[in-house]
Amino acid sequence: PSADNYIVSGQTTNYGTDTLLRLGRTGGAGRNMHSLLLFDVSAIPAGSLINSATLRLYAAVRAGSDSFNLNVHQVTQDWTESGSNWTDADASTVWTAGGGGTYGATVIDSIPAAATGWYEWNIAPLIQEWVENPPMSANQGIELVHTLVDKSNGLGFDSKEGANKPCLLYTSDAADD
């Protein structure tokens with residue numbers, strides 16, 4: 001990714017250079033952790049047909065054993081890796097939806113949390129939207145959101161600073177001229 005970060009409820013700390021992207025809850029009913037990722041898709045010609053697009057992340061750490069899902073949402077506000085936290089999208093702008101990022105309600109894909117190892121989400125519909133409708137459907141990244149309510153559980157995925165960097169794998173057919 002060109003940018004990644006995780007954000008923690010109630011904190012204004014920036015984790016943009018951390019080697020892990022955390023997702024889940026800490027301290028029981030305590031703090032939520034969401035992860036933000038931004039991939040540059042500008043090399044895909046506008047109007048191309050996306051045949052497949054998979055977000056791949058490596059979970060290096062698993063805390064707890066309770067069941068929960070990992071949901072991918074489209075971010076709907078610009079943010080920066082070095083300035084984002086739970087309340088702020090960047091160093092000078094708050095998240096317009098309040099704390100926790102500004103993202104669409106639609107779940108792009110959802111998978112259950114398991115052990116450490118590789119995780120994959122199908123995000124082809126979102127990538128298709130970005131290459132079909134620029135700039136109306138701006139690529140402002142994705143946010144990983146968990147479904148935990150009151151348990152302390154989570155995953156730590158390698159970030160772009162980690163050993164197994166997040167990746168976006170896609171196949172496409174070029175747009176007809």
Side-chain angles (χ1 to χ4, degrees), residues 1-11 13-26 30-41 53-64 66-90 95 97-127 129-130 138-149 151-170:
S2 55
D4 62 15
N5 192 11
Y6 76 92
I7 56 178
V8 181
S9 62
Q11 292 187 2
T13 305
N14 174 269
Y15 297 100
T17 59
D18 202 274
T19 58
L20 291 176
L21 297 170
R22 299 190 183 269
L23 180 62
R25 290 181 71 82
T26 63
R31 303 193 183 280
N32 285 301
M33 298 175 291
H34 295 181
S35 292
L36 299 162
L37 295 107
L38 180 64
F39 289 92
D40 181 1
V41 296
T54 302
L55 170 66
R56 283 190 91 215
L57 298 175
Y58 184 81
V61 177
R62 170 71 155 111
D66 291 312
S67 298
F68 63 99
N69 285 342
L70 312 168
N71 299 339
V72 173
H73 293 266
Q74 177 181 4
V75 175
T76 57
Q77 180 179 348
D78 288 334
W79 58 278
T80 63
E81 180 179 66
S82 62
S84 56
N85 58 52
W86 191 262
T87 56
D88 301 315
D90 60 37
W95 292 110
T102 300
Y103 55 88
T106 301
V107 175
I108 307 303
D109 194 16
S110 180
I111 60 174
T116 57
W118 287 102
Y119 284 72
E120 295 184 348
W121 293 263
N122 173 13
I123 60 170
L126 180 57
I127 304 302
E129 186 176 317
W130 287 341
N139 172 9
Q140 295 165 315
I142 59 173
E143 185 161 348
L144 293 171
V145 178
H146 61 84
T147 60
L148 287 165
V149 177
K151 304 264 178 139
S152 182
N153 279 271
L155 290 161
F157 294 101
D158 281 347
S159 73
K160 68 184 184 72
E161 289 82 13
N164 296 291
K165 297 171 182 7
C167 59
L168 173 62
L169 305 171
Y170 68 90

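Closest approach of V8 to M33, counting heavy atoms only: CG2-CG, 3.9 Å. For the pair H34 and L23, the tightest heavy-atom approach, listed with the atom from each and the gap, is CA-CD1, 4.0 Å. The shortest heavy-atom contact between S84 and L36 is OG-CD1, 4.0 Å. Residues L57 and W121 share a closest heavy-atom pair of CD1-CZ3, 3.6 Å. Contact between A113 and Y119 at its shortest, heavy atoms only, is C-OH, 3.8 Å. The two residues L37 and P1 come nearest to each other via the heavy atoms CD2-CG, 4.3 Å.
The closest side-chain heavy-atom distance from E120 to I111 is not below 4.5 Å. Side-chain contact check for L168 versus I123: some heavy-atom pair is nearer than 4.5 Å. Two residues are said to be in side-chain contact when any heavy atoms from C-beta on lie closer than 4.5 Å; V61 and T116 fail this criterion. Counting heavy atoms from C-beta outward, L169 and R56 have side chains that approach closer than 4.5 Å. For the pair I108 and L55, the minimum side-chain heavy-atom distance is 4.5 Å or more. Counting heavy atoms from C-beta on, the side chains of S159 and L20 never come closer than 4.5 Å.
Remark: side-chain polar atoms of T102 are not paired, donor with acceptor, to backbone N or O of T76 under 3.5 angstrom. Although no hydrogens or angles enter the test, the distance criterion places no donor-acceptor pair under 3.5 Å between the side chain of D158 and the main chain of K165. In terms of modelled atom types and a separation under 3.5 Å, the side chain of N14 and the main chain of G16 share a donor-acceptor contact. Of the possible polar contacts, one joining the W95 side chain to the D88 backbone as a donor-acceptor pair under 3.5 Å is found.
Remark: L70 CG to S110 OG distance equals 7.0 Å, nearest 0.5 Å. Taking CG of N122 as the reference point, atom CG of D109 lies at 5.5 Å (rounded to 0.5 Å). Put simply, CG on N139 and CG on D40 are 7.5 Å apart, with the number rounded to the nearest 0.5 Å. Note: Y6 OH to L21 CG = 9.0 Å, rounded to the nearest 0.5 Å. Separating the CD atom in Q11 from the OG1 atom in T26 is a distance of 7.5 Å, to the nearest 0.5 Å. Atoms NZ and CD, from K160 and E81 in turn, are 4.0 Å apart once rounded to the nearest 0.5 Å.
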Full working for side-chain contact (heavy atoms from CB on, under 4.5 Å) between V145 and V107: CA-CA 9 Å; V145 178; V107 175; over 6 Å; no
